[in-house]
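These notes are about the structure you will find just below.
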Amino acid sequence: MLTVETDPASVGLDAARLARLDARLARWVDEGQLPGFLVTVARHGALAHVGTYGHRDVGAGLPVTPDTIWRIYSMTKPITSVAAMSLYEEGAFELTDPISRWLPEFAEPRVYVAGPAAKPVTVPATEPIRVWHLLTHTSGLTYGFHHVHPVDAAYRAAGHEWGTPPGADSAEVSRQWAALPLVFQPGSEWNYGVSTDVLGRLVEVIAGKPLDEVFAERVFGPLGMTETSFGLRPDDDPARLARLYAPGLVPLEAFEPAAKQKPAFLSGGGGLVSTAGDYLRFVEMLRAGGTAPDGTRVLGSRTIAHMVRNHIPGGADLEAYGRPLFAETPLRGVGFGLGFSMVLDPARYGTVSSVGDYSWGGAASTAFYVDPVEGLSVTFYTQLLPSSTLPIRGYLRSLVHQAIE
């Protein structure tokens with residue numbers, strides 16, 4: 001349960017100015033553009049603000065509550081990255097290791113150079129896909145929902161757009177992706193895709209157990225995240241799960257079954273549901289340099305620091321190195337590390353922020369960011385697909401930062 005722990009003024013936040021954040025977000029609800037929302041603002045480890053407004057289920061008239069369960073989609077990715085790096089800290093792999101050492105289906109990747117999706121012209125990869133390529137989205141893997149590149153269309157033809165083929169588990173899904181061409185040579189560009197899903201499969205093979213068990217042992221258990229899982233758990237009340245909407249608040253009925261039970265494919269890239277209280281524990285662990293509130297260490301502080309450093313070659317931003325495809329982060333003035341984007345240049349980014357602010361979000365418009373300079377941890381939840389519908393993430397930063405005294 002979310003409980004405000006401190007007077008905002010005691011951590012240098014103006015309560016009246018924080019009210020502007022809720023008011024601006026509520027305007028989108030009143031205009032019929034968002035069903036409802038929940039937002040949290042913590043500073044220096046203390047939760048100073050929780051705002052809720054609107055509905056988790058518009059048709060049923062059910063309000064957003066602190067215990068609402070949300071599809072966090074790609075906010076699963078940082079959790080998978082942390083789990084992978086906890087194995088790295090045990091010497092299970094090096095970041096430069098080829099993933100084919102554990103996933104032999106990726107031993108001989110092919111790279112697209114020309115032709116239609118059905119008959120692509122490909123060449124052999126000049127370098128293997130390495131673990132760091134998966135963590136940084138420089139592997140050459142893609143998403144079917146991009147609708148930009150012929151390889152995107154090949155993914156869709158194989159049943160990979162907003163989901164995966166029914167009944168296919170992590171091992172089978174990984175084999176299917178390995179059989180498709182890469183969009184570019186590994187390490188040569190940045191492209192948002194299924195890299196973290198493949199990383200999740202890699203984690204399973206290295207750990208010798210399913211991804212949900214790895215998460216329970218290495219992340220959820222140490223952090224006390226009791227309400228985060230792949231789909232609802234058998235004892236969860238389905239009415240707590242927020243409905244998913246398209247623009248215009250059109251319910252996306254086809255997406256409902258996938259979140260209501262544990263799926264065959266445990267997607268490290270987007271499969272989790274969670275509550276705001278649970279995910280705040282994860283975000284606060286990151287801000288605190290790898291430790292849980294009770295002092296339990298999840299990752300070393302130097303490991304966290306390495307993950308939130310820009311790993312794009314030459315220190316470039318994503319505008320220079322990334323493909324101009326749909327992505328869940330702006331490209332200008334932003335770099336990418338091992339599972340997170342980070343602000344390199346606030347002026348180029350175009351939003352009030354700090355250098356080194358790191359973040360990620362989900363396809364249903366959920367988001368979080370950590371500003372280590374200001375000691376801020378901010379999370380936001382709604383259920384609006386796609387995340388590019390409204391400029392929520394920019395408003396979050398500007399409205400939280402203007403409340404700093």
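Residue numbers run from 1 in the order of the sequence given. The figures here come from the full heavy-atom set of this structure, side chains too, leaving out hydrogens, waters and symmetry mates.
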For this session: Would you check, one step at a time, whether the test side chain to side chain donor-acceptor pair (under 3.5 Å) holds for E105 with S174?
Result: CA-CA 8 Å; E105 60 266 34; S174 179; 2.7 Å; yes
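For the residue pair S353 and R397, no side-chain donor N or O sits within less than 3.5 Å of a side-chain acceptor on the partner. One side chain, H160 or W177, offers a donor N or O that lies under 3.5 Å from an acceptor on the other. Side-chain N/O atoms of H149 and N191 include no donor and acceptor closer than 3.5 Å. For the residue pair T40/T379, the side-chain donor-acceptor check at 3.5 Å is satisfied. A donor-acceptor contact under 3.5 angstrom links the side chains of E89 and T303, judged on distance only.
Contact between L384 and L244 at its shortest, heavy atoms only, is N-CD1, 4.4 Å.
Under the 4.0 Å criterion applied to side-chain N and carboxylate O atoms, R332 and D317 are not assigned as salt-bridge partners. Under the 4.0 Å criterion applied to side-chain N and carboxylate O atoms, D97 and R130 are not assigned as salt-bridge partners. Using a 4.0 Å cut-off between charged nitrogen and carboxylate oxygen, R43 and E5 do not count as a salt-bridge pair. A salt bridge is defined here as a Lys NZ or Arg NE, NH1 or NH2 lying under 4.0 Å from an Asp or Glu carboxylate O, and D236 with R233 meets this definition.
The OG atom of S341 sits 10.0 Å away from the CG atom of N310 when rounded to the nearest 0.5 Å.
Residues in residues 274-299 take part in these ring pair (Phe, Tyr, Trp, His ring centres under 6.0 Å) pairs, two or more places apart or across chains: Y279-F282, Y279-F368. Evaluation of the ring pair (Phe, Tyr, Trp, His ring centres under 6.0 Å) test over residues 217-251, restricted to residues two or more places apart or in two chains, returns F215-F220, F215-F230. For residues 43-64, no pair satisfies ring pair (Phe, Tyr, Trp, His ring centres under 6.0 Å), with sequence neighbours left out.
When the ring-ring contact (aromatic ring centres under 6.0 Å, His included) test is applied to Y321, no partner is found at least two apart in sequence or on another chain. Residues passing the ring-ring contact (aromatic ring centres under 6.0 Å, His included) test with H133: none are found, sequence neighbours excluded.
Counting heavy atoms of neighbouring residues, nucleotides and ligands inside a 6.0 Å radius, atom OH of Y88 does not exceed 12 of them.
The closest donor-acceptor contact from the side chain of D197 to the backbone of G269 lies under 3.5 Å.
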Please list, one pair per line, the donor and acceptor atoms closer than 3.5 Å that link side chains of residues 206-214 to other protein atoms, with sequence neighbours excluded.
from : atom 1 : to   : atom 2 : distance (Å)
K209 : NZ     : E217 : OE1    : 3.3
K209 : NZ     : E217 : OE2    : 2.9
D212 : OD2    : K262 : NZ     : 2.6

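A cation-pi arrangement is found for R24 relative to W28, the charged atom lying closer than 6.0 Å to the ring centre and inside a 45° cone about the ring normal.
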